[in-house]
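Sequential numbering from 1 along the given sequence is applied to the chain's residues. Keep in mind that the numbers below use all heavy atoms, side chains included, and drop hydrogens, waters and symmetry copies. Whatever order the structure lists ligands and atoms in, that order sets their numbers, starting from 1.
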Amino acid sequence: MMDADLHSWVASANDPASDFPLQNLPFGRFRQHGEWRIGVAIGDQVLDLHAAGLINHSDMQRLMAQPPDARRSLRQALVDGLTLGSPQQVQFQAALHAQTDVELGLPCEIGDYTDFYTSIHHATTIGKQLRPDNPLLPNYKWVPIGYHGRASSIVPSGTAFHRPHGQTKAPDQAAPTLGPSRKLDYELELGLVIGRPNPLGQPIRMENAEEHVFGVALFNDWSARDMQAWEYQPLGPFLAKNFASTLSPWVVTLEALQPFREPWQRADTDIQALNYLQAHTNSTHGAINIELEVWLQTAQMQATGYAGDRLSQSNYRDAYWTVAQLVAHHTVNGCNLRAGDLFGTGTLSGPAPEQGGSLMELSAGGKRPISLSNGETRTYLEDGDTVILRAYCEREGFRRIGFGECRGTVLPPVER
Ligand code: MN
């Protein structure tokens, strides 16, 4: 694990407040005029890997699909070149751009997208609202629940989108109507980006599962709750979820997250996972301590130059299923994963009521409006609202690393 005292010749990376010190080095794609290029965030800069002479292509899928030892040597080359006193400083300096001077896009072309449901706290709270007598379905503690989502509507951070239209039906209505969603919500999630592929028919075992995960980004699975309530049975989410989902630009690698691993365990009294979802390494450090935050900036706040209110905080270590378990389960039937596939973790709510990762939880299904610092209230999102997800890892004796932000703004519905 990397020395907390290691400093970079990129001065902004040594600022304790920076999300992107030498110990992080997340990957993403950027452009100025032409094609997307592969970059690594360092302080307030982005290093162009091709221009720095570290790779000879601009294909993120290809980079992510590399075997673990090749990934590790690329990371080592980045550390060596960016460390204070490096003989490569002059060569690397010519490959640096200020992040504010470039456009940051999706970190890769997204292939297949699966959204999971790994927070038992979210599943229980939502379950109570939908089925008061039977909040947690009996399969929850056995199966990492997920559904196949849609990749075409995954957009980069900073994208604004129009409030979606759809079918909704209030309980007192005889028939549904088509109109703009009145219960638009966000979901605080992490996006797990798949690197190494597996061939069809060859399941990935728990012991090797993390070799297939390139890294972790922030993910907002915007959800139209009124559309969802009407459409979700019997086959699960559909148009309530595929009008926009926002992914942050930087993928934090599992190597960078190494110091923040924690044991994963179930209480002795709880159901124990089936054998194919267990491994020694998973028990000793399957969980990851990632602090997560949701911020809201309303149009009114934006107009007054106020950055927004923090709505909630939770931690990824409270998830019921680990990264390795999601990979092992997804492939146990022989399903093939490809470089650039994306797993959403599902809404990451914590155990306390104020740790809900969606407004549906924080406002008790819209029954209890939340108060904002400027006197406004919210049950669900209003037009002009901007939602910002943030995350960071901290541990005594290690350099703090961050994920940057995942930002999106709700525009009024399109007239139809
Ligand atoms: Mn979701």
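Two rings, from Tyr147 and Tyr232, have their centers 6.0 Å or more apart. A centroid separation of less than 6.0 Å is found between the aromatic rings of His330 and His148. Between Tyr140 and Tyr320, a ring centre-to-centre spacing shorter than 6.0 Å is recorded.
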Review point. Stepwise, does the ring pair (Phe, Tyr, Trp, His ring centres under 6.0 Å) test hold for Phe27 with Phe214?
Key: CA-CA 10 Å; Phe27 288 77; Phe214 184 71; 5.3 Å; yes
Exercise for review: Apply ring pair (Phe, Tyr, Trp, His ring centres under 6.0 Å) to Phe343 and Phe116, showing your working.
Suggested key: CA-CA 7 Å; Phe343 290 2; Phe116 284 94; 5.3 Å; yes
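Tally of protein N, O or S atoms closer to the Mn ion (ligand 1) than 2.8 Å: 4.
Checked against salt bridge (charged side-chain N to carboxylate O under 4.0 Å, His left out), Glu262 has the following partners two or more places apart in sequence or in another chain: Arg317.
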